[in-house]
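Lettering of chains follows the sequences in order, A, B, ..., and the numbering in each one begins at 1.
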Protein chains: 2
Amino acid sequence: MPEPQLDRLLRFTRTIAAEEAGREAALAARGRPMGPLRALMAIGAAGMDVGALRDHLTLDSGLMSRQLRQLEEDGLITVTPDPEDARRRRAACTPAGLAEIAACQQLTRDRAAELHDLLDGDETLLAAMDRVATLLAAHRMRLRLIDPDSAEAAACLRAYYTELSGRFGLPFTPGTDPDPGALRPPRGAFLMAEHGEDRLGCVSLRGDGLGRAEIKCLWVSPDHRGVGLGRRLMAAAETEARRLGLTRLRLDTSRHLPEALTLYRRAGWQEIPRYNDNPFAHHWFEKQL
Amino acid sequence: MPEPQLDRLLRFTRTIAAEEAGREAALAARGRPMGPLRALMAIGAAGMDVGALRDHLTLDSGLMSRQLRQLEEDGLITVTPDPEDARRRRAACTPAGLAEIAACQQLTRDRAAELHDLLDGDETLLAAMDRVATLLAAHRMRLRLIDPDSAEAAACLRAYYTELSGRFGLPFTPGTDPDPGALRPPRGAFLMAEHGEDRLGCVSLRGDGLGRAEIKCLWVSPDHRGVGLGRRLMAAAETEARRLGLTRLRLDTSRHLPEALTLYRRAGWQEIPRYNDNPFAHHWFEKQL
DNA sequence: CAATTTCTCTGACTGATGTCAGGAATTTTC
DNA sequence: GAAAATTCCTGACATCAGTCAGAGAAATTG
């Protein structure tokens with residue numbers, strides 16, 4: 001371990017930590033406690049179920065409830081029962097809440113703009129910062145089983161289909177799965193890789209309930225490619241498949257996705273003949289567990 | 001303002017913020033509240049007066065006192081009256097306290113070592129990180145009038161004399177000023193530039209009590225050179241001199257410090273004949289305020 | 001329809017942080 | 001030597017964050 005390099009890294013993290021402390025202080029200066037503020041930001045323009053919010057922020061149900069009451073009293077959000085299941089409640093921002101979010105985002109953007117002026121648009125520096133952020137996020141990423149119907153899964157799938165549309169030159173849109181249980185335990189699973197607030201990628205196992213499943217929707221965020229995330233997602237999917245007691249995995253893919261082809265071949269998948277009628281597939285693979 | 005670059009910067013700060021949050025969590029996992037922990041780290045091996053500690057951490061005197069009591073009860077520090085002035089008290093670490101500090105530093109170093117492995121010693125990345133840290137620290141630095149006898153001033157002066165020793169090839173050591181009042185208001189001042197825990201540079205005004213002063217000990221940390229800190233320190237010293245009602249500033253310097261020479265000339269200083277018997281000086285400057 | 005489960009909320013509590021008012025010991029000032 | 005200033009401390013109080021037990025409403029299960 002070369003000590004001088006370590007000292008340089010320590011200085012770097014120390015400096016950036018001070019920067020982050022400054023940002024937190026600037027946000028706190030708006031006079032709102034950080035807890036409710038984080039909740040407000042998470043609710044965002046789209047709104048969010050209370051349970052999902054609680055999971056996302058990993059808060060105790062009591063604390064969550066009190067923070068939502070506070071935001072409601074301040075007129076920033078409304079919390080209404082879910083019409084389909086009145087036990088569940090849904091938080092949504094009022095115009096005042098949206099304005100508060102926008103103000104906080106502007107504050108963050110202003111600080112980033114200061115940094116931008118400072119770096120004077122130096123592309124070498126920006127590229128290095130991208131690289132550091134990519135490596136760090138991939139290294140510290142955590143994998144999580146999520147609900148395939150959740151907002152997070154939907155966001156991943158939107159990004160995935162946008163990517164496909166670009167690759168194929170055709171407008172793909174995410175359709176609703178005709179068999180929603182296939183992507184949930186015990187038949188299948190939906191895995192997402194994340195780092196803090198950032199979604200790095202996802203992969204799903206679509207099980208038939210007879211010990212077999214298809215790998216679907218392997219997606220890696222464009223910001224986080226080239227650092228082995230696809231491989232790690234596939235490995236995690238395999239591990240999850242074994243845990244679910246699955247014995248055979250299949251997948252199809254297209255010649256327009258060359259990096260995926262390489263990935264499957266390197267990970268020990270066997271190319272097999274066409275097993276479905278997917279008009280966009282050119283290659284079919286199988287793996288026995 | 002190019003939006004994509006801004007987004008890249010936002011992603012960078014977001015990722016590094018998550019990294020910092022992880023470090024905080026790792027430190028918190030040692031089971032000690034962050035407040036007393038920060039105090040312990042600040043006391044360090046050298047020990048610190050309670051008042052200086054309070055200033056350094058900008059804590060209320062009541063809170064400071066309680067945190068020190070806690071650390072004392074835990075056997076990590078001792079707090080004893082200053083023998084010269086029994087109102088003042090001095091905190092010093094016990095062996096257990098030093099061990100706790102070392103453990104926390106090791107934790108931080110371990111995380112940095114992980115980052116180092118991740119970057120694979122890539123010099124381009126390290127250089128970019130240095131550059132970003134340097135620019136950021138210099139941009140966010142704050143100037144502070146400090147006591148010329150404080151531990152912070154002594155640290156700056158040690159660094160300054162070490163630098164001089166290297167430039168002159170002679171062993172300089174910081175001597176105690178025969179006239180301690182000359183560096184304090186109303187006659188003079190000692191200014192330090194800092195960012196978070198890092199000391200970026202210093203400059204002092206050594207006044208004669210008759211409206212004249214000499215600029216001494218202009219020092220910029222090697223980590224923070226080349227971004228105009230010397231110029232800003234000199235400007236701050238001038239501003240402070242005007243505030244103190246000084247009318248004439250002088251300084252001497254050596255041909256072994258070419259960047260200082262350039263700086264003084266650019267800042268409007270007039271070169272004048274030798275006005276003192278400093279054997280290491282080759283140039284003398286003056287500025288009327 | 002009754003029992004159970006799910007989901008959210010309330011109340012009671014703890015600990016960390018922070019503020020303010022004053023008090024005791026000590027030093028400095030007059 | 002008395003008054004004033006200083007240094008640090010204690011007590012009272014407030015806010016934020018977090019935990020736990022349990023209540024109440026709604027949905028699901030048998």
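- Non-hydrogen atoms lying under 4.0 Å from DNA chain C are contributed by V50(A), G51(A), R54(A), all within residues 44-57 of chain A.
- If you take CE on M192(A) and CG on D147(A), they are separated by 11.5 Å, rounding to the nearest 0.5 Å.
- Rounded to whole Å, the distance from CZ on R69(A) to P on dG11(C) is 12 Å.
- The side-chain hydrogen bond (donor to acceptor under 3.5 Å, both in side chains) pairs that include a residue from residues 41-53 of chain B are D49(B)-R90(B), where partners are two or more places apart or lie in different chains.
- Residue R88(A) places none of its side-chain N or O atoms closer than 4.0 Å to OP1 or OP2 of dT8(C).
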Next on the checklist: Base contacts versus sugar-phosphate-only contacts with protein, heavy atoms under 4.0 Å: please encode nucleotides 17-30 of chain C as B, S and - from 5' to 3'.
Outcome noted: SBBB-----BS---

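- Applying the side chain to side chain contact (heavy atoms under 4.5 Å, CB included) test to E240(B) and every residue at least two apart in sequence or in another chain returns L145(B), A189(B), L191(B), L205(B), R243(B), L244(B).
- The outermost nucleotides of DNA chain D lying under 4.0 Å from heavy atoms of chain A, listed 5' to 3', are dC16(D) to dA27(D).
- In this view, R66(B) satisfies the side-chain hydrogen bond (donor to acceptor under 3.5 Å, both in side chains) rule with no residue, not counting sequence neighbours.
- Applying the side-chain hydrogen bond (donor to acceptor under 3.5 Å, both in side chains) test to every pair with at least one member in residues 187-202 of chain A, sequence neighbours left out, gives these pairs: R142(A)-E194(A), R144(A)-E194(A), D179(A)-R187(A), D198(A)-R14(B).
- Within the structure, salt bridge (Lys or Arg N to Asp or Glu O under 4.0 Å) pairs that include any residue of residues 25-41 of chain B comprise R30(B)-E100(B), R32(B)-D74(B), R32(B)-E100(B) (at least two apart or interchain).
- The side-chain hydrogen bond (donor to acceptor under 3.5 Å, both in side chains) check on R140(A) picks up E19(B), E114(B), with sequence neighbours excluded.
- For R69(A), the side-chain hydrogen bond (donor to acceptor under 3.5 Å, both in side chains) partners at least two apart in sequence or on another chain are S65(A), E72(A).
- Rounded to whole Å, the distance from CZ on R90(A) to P on dC9(C) is 14 Å.
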Which atom pairs, donor and acceptor, lie under 3.5 Å between side-chain atoms of residues 75-83 of chain A and protein residues at least two apart or in another chain?
| from | atom 1 | to | atom 2 | distance (Å) |
| --- | --- | --- | --- | --- |
| D82(A) | OD1 | E84(A) | N | 2.8 |

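- When the side-chain hydrogen bond (donor to acceptor under 3.5 Å, both in side chains) test is applied to D60(A), no partner is found at least two apart in sequence or on another chain.
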